[in-house]
2 protein chains.
Amino acid sequence: MKWHDLNGDTCPLARAMGVIGDRWTLLILRECFLGVRRFDGFQKRLGVTRHLLAERLKRLETMGVLERRPYQERPLRHEYRLTTAGKEFAPVLLAMQDWAQHNLPSAEPAPFTFVTRDSGAKVCPVLTDRDSGQELNHRTVLMVPATTAASKVIEAHRRAPSTNSDLGPETDSSTISDTG
Amino acid sequence: MKWHDLNGDTCPLARAMGVIGDRWTLLILRECFLGVRRFDGFQKRLGVTRHLLAERLKRLETMGVLERRPYQERPLRHEYRLTTAGKEFAPVLLAMQDWAQHNLPSAEPAPFTFVTRDSGAKVCPVLTDRDSGQELNHRTVLMVPATTAASKVIEAHRRAPSTNSDLGPETDSSTISDTG
DNA sequence: ATAATGAGTTCCAAAATAGAACTAACAAAT
DNA sequence: ATTTGTTAGTTCTATTTTGGAACTCATTAT
């Protein structure tokens, strides 16, 4: 499988990994959210090689996450800014930071935090359902193959509830088709 | 910079990339959430080489995201299951899937969806603040360096509000220190 | 006795990444 | 007028990672 193949995958998660599935891209986005916009700014703060940085910025631009725009002429210079798609990545960053802080412990505190714009209070992110307001996590949500009627999976699940519940069905099989 | 260096980074996002910062790991987790548990199950569904799969599963185990447990003896066989840390990754997966579906379009529909366990309705994920209930996105949240007093950043921001707001401060500088 | 299953490991080729030096287009300082 | 500095890259080689296929090992099924 080639790197680029993920970008055409039908699975949105695979497409997402086609964008951020490497050591640097997410860190570049982090810097964007912190206000960095220029090549040397990214390079100095991340320590990434100039070669890779150039390649990644180009890819982010191609994918519509960043846009490259001139900020001066003579000599012509460009800076990189988050597009709307890029800015909408913020909740993913928040959820990820929250997960890592709880599950990948570190001796040092995080070098930055997320605060609300109006009060400046540190945020406590929870994913919820827009309609029901219900909290969304592995206990409340199920991941179902599109071919499977959701009701069927839920019914099967109700008949054999698991003490060890997670997002998915609890069976001993190693394939999805066996569980649906 | 070596791969492994990220795992000791003070930035939680960097540590997270130390776990999922490659083409395959997140897809392996996706399969876990869909109920896959065995080596050959992952291998057949993903098409990843057996070599890399073995390496990735080992790493996920080391990082405490998956646990390896015997499911039979004679011959001894193990399966991989999400630990608590692994299950808590669900909101990240949801946020990411939602972002990709909105921002990385595809001709085909997604091969799976997230539904609530109790009603089976498709979920509509929104990140909110546990305390205020406020929606968390690039318009409501600010990412601030830990050294900076949040109030300072917000005050500066209020004096020079941006029409093009994103998570971070709006300045022309390429370094953070200039903005705080 | 022969094939199949499940979970890997080993080997080599191909691709990606690291690290450093080099270029181009100008501006500022001496 | 020449040297130095800035910004945004590109080019080069060496090292690491990944891809692809075949091989192992223990055990069950035919």
Side-chain angles (χ1 to χ4, degrees), chain A residues 1-7 14 17-28 31-32 36-62 66-81 172-175 178, chain B residues 1-7 14 17-28 31-32 36-62 66-81 172-175 178:
Chain A
M1 200 210 226
K2 296 279 155 56
W3 226 127
H4 195 73
D5 293 0
L6 285 175
N7 297 336
M17 290 322 275
V19 179
I20 60 155
D22 70 280
R23 299 199 220 6
W24 296 112
T25 303
L26 193 100
L27 302 182
I28 292 172
E31 296 304 312
C32 289
V36 177
R37 291 183 184 159
R38 297 182 188 175
F39 193 91
D40 276 27
F42 293 113
Q43 203 279 315
K44 288 196 185 74
R45 287 180 51 87
L46 294 173
V48 57
T49 65
R50 310 178 72 74
H51 179 49
L52 270 219
L53 178 58
E55 201 275 327
R56 294 298 185 256
L57 289 171
K58 212 167 285 174
R59 190 146 57 86
L60 284 168
E61 196 197 349
T62 304
L66 295 183
E67 62 174 337
R68 188 162 167 277
R69 58 158 86 160
Y71 67 88
Q72 71 170 37
E73 303 183 346
R74 323 205 47 75
L76 183 58
R77 292 278 179 266
H78 297 89
E79 63 180 10
Y80 297 87
R81 281 165 174 262
D172 284 318
S173 83
S174 60
T175 64
D178 291 338
Chain B
M1 200 209 227
K2 297 277 156 55
W3 226 128
H4 194 73
D5 292 2
L6 285 174
N7 297 336
M17 290 320 277
V19 179
I20 61 154
D22 71 278
R23 300 199 220 3
W24 295 112
T25 304
L26 193 102
L27 302 182
I28 291 172
E31 296 304 312
C32 288
V36 177
R37 290 183 185 158
R38 297 184 188 173
F39 192 93
D40 276 27
F42 293 111
Q43 203 278 317
K44 288 197 184 76
R45 287 181 51 87
L46 293 174
V48 57
T49 64
R50 311 178 72 74
H51 180 48
L52 271 217
L53 178 59
E55 202 276 329
R56 293 297 185 255
L57 290 171
K58 212 166 284 174
R59 189 146 58 87
L60 284 167
E61 196 198 348
T62 304
L66 294 185
E67 64 174 336
R68 188 162 166 275
R69 57 159 85 160
Y71 68 89
Q72 71 169 37
E73 301 181 350
R74 325 206 47 77
L76 182 59
R77 292 279 179 265
H78 297 90
E79 64 181 9
Y80 297 87
R81 281 165 175 261
D172 285 318
S173 84
S174 60
T175 64
D178 292 337

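Note on naming: letters A, B, ... go to the chains in the order of the sequence lines (proteins, then strands), and numbering restarts at 1 for each one. Computed over heavy atoms, backbone and side chain alike; hydrogens, waters and symmetry mates excluded.
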Enquirer: Can Asp22(B) and Arg56(B) be counted as an ion pair, charged N to O under 4.0 angstrom?
Expert: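 Salt bridge between Asp22(B) and Arg56(B), a charged N being under 4.0 Å from a carboxylate O: yes.
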
Enquirer: Measure from the side chain of Arg50(B), starting at C-beta and using heavy atoms only, and say which of dT9(C), dG20(D), dT28(D) lies closest.
Expert: dT9(C)

Enquirer: Output the distance between atom CG (Leu66(A)) and atom CZ (Arg37(A)), rounded to the nearest 0.5 Å.
Expert: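 Leu66(A) CG to Arg37(A) CZ: 11.5 Å, rounded to 0.5 Å.
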
Enquirer: Between dT10(D), dA8(D), dT9(C), which nucleotide has the shortest distance from any of its atoms to the side chain of Lys58(B)?
Expert: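 Selected nucleotide (nearest to the side chain): dT9(C).
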
Enquirer: Which whole-number value in Å describes the distance from Gln43(A) CD to dA21(C) P?
Expert: 14 Å

Enquirer: Should we say atom CD of Gln72(B) is surrounded by more than 12 heavy atoms from elsewhere, each under 6.0 Å from it?
Expert: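 Yes.
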
Enquirer: Side chain of Asp22(A), heavy atoms from C-beta onward: which of dT10(D), dT17(C), dT18(D) has the nearest atom to it?
Expert: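 For the Asp22(A) side chain, the nearest candidate turns out to be dT17(C).
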
Enquirer: When the nearest nucleotide of DNA chain D is assigned to Glu55(B) and to Arg77(A) on a heavy-atom basis, which residue is associated with the more 5' position?
Expert: Arg77(A)

Enquirer: CZ of Arg45(A) versus C1' of dA8(D): gap in Å, rounded?
Expert: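 Taking atom C1' of dA8(D) as the reference, CZ of Arg45(A) is at 19 Å.
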
Enquirer: Could you state the atom-to-atom distance from NZ of Lys44(B) to C1' of dG8(C) in whole Å?
Expert: 13 Å

Enquirer: Applying the side chain to side chain donor-acceptor pair (under 3.5 Å) criterion to His78(A), which one of Arg68(A), Glu67(A), Arg38(A) satisfies it?
Expert: Arg68(A)

Enquirer: OP1, OP2 of dG19(D) versus side-chain N and O of Trp24(B): anything below 4.0 Å?
Expert: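 Yes, such a contact exists.
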
Enquirer: Write down the distance between CZ (Arg23(A)) and P (dG19(C)), rounded to a whole number of angstrom.
Expert: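 Value for this atom pair: 11 Å.
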
Enquirer: Within this structure, what is the CD-to-P distance between Glu73(B) and dA7(C), rounded to whole angstrom?
Expert: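 Atom-to-atom, Glu73(B) to dA7(C), this comes out as 15 Å.
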
Enquirer: Between dG19(C), dG19(D), dA27(C), which nucleotide has the shortest distance from any of its atoms to the side chain of Leu52(B)?
Expert: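 Nearest listed nucleotide: dG19(D).
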
Enquirer: Test for a donor-acceptor pair under 3.5 Å between the base of dA25(C) and the side chain of Arg74(A), counting only N and O atoms.
Expert: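 Result: no qualifying N/O pair found.
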
Enquirer: What is the distance from CG of Leu57(A) to C1' of dT10(D), rounded to the nearest Å?
Expert: 14 Å

Enquirer: Distance check: side-chain N/O of Tyr80(B) vs OP1/OP2 of dG8(C), anything under 4.0 Å?
Expert: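 Checking Tyr80(B) against dG8(C): at least one side-chain N or O falls below 4.0 Å of OP1 or OP2.
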
Enquirer: When you measure from the side-chain N and O atoms of Arg68(A) to the phosphate of dA8(D), is any distance below 4.0 Å, counting only OP1 and OP2?
Expert: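 The answer is no; no side-chain N or O of Arg68(A) sits under 4.0 Å from OP1 or OP2.
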
Enquirer: Distance check: side-chain N/O of Tyr71(A) vs OP1/OP2 of dA8(D), anything under 4.0 Å?
Expert: yes

Enquirer: Nearest to the side chain of Pro75(A) - dT27(D), dT18(D), dC26(C)?
Expert: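 The closest nucleotide is dC26(C).
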
Enquirer: Answer yes or no: side-chain N or O of Arg38(A) and base N or O of dT7(D) forming a donor-acceptor pair under 3.5 Å.
Expert: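 A donor-acceptor contact between them is absent.
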
Enquirer: Just how far, in rounded Å, is C1' of dG8(C) from CZ of Arg56(B)?
Expert: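 Going from Arg56(B) (CZ) to dG8(C) (C1'), I get 16 Å.
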
Enquirer: To the nearest Å, give me how far apart NE2 (His51(B)) and C1' (dG20(D)) are.
Expert: 11 Å

Enquirer: Is Glu79(B) salt-bridged to Arg81(B), going by a charged N under 4.0 Å from an acidic O?
Expert: yes

Enquirer: What distance separates Leu53(B) CG from Phe39(B) CZ, expressed to the nearest 0.5 Å?
Expert: 4.0 Å

Enquirer: Using the side-chain heavy atoms of Ala54(B), tell me which of these nucleotides is nearest: dT18(D), dA8(D), dG8(C).
Expert: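 In terms of side-chain proximity for Ala54(B), the closest of dT18(D), dA8(D), dG8(C) is dG8(C).
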
Enquirer: Mapping Thr49(A) and His78(B) to their closest nucleotides on DNA chain C, which lands nearer the 5' end?
Expert: His78(B)

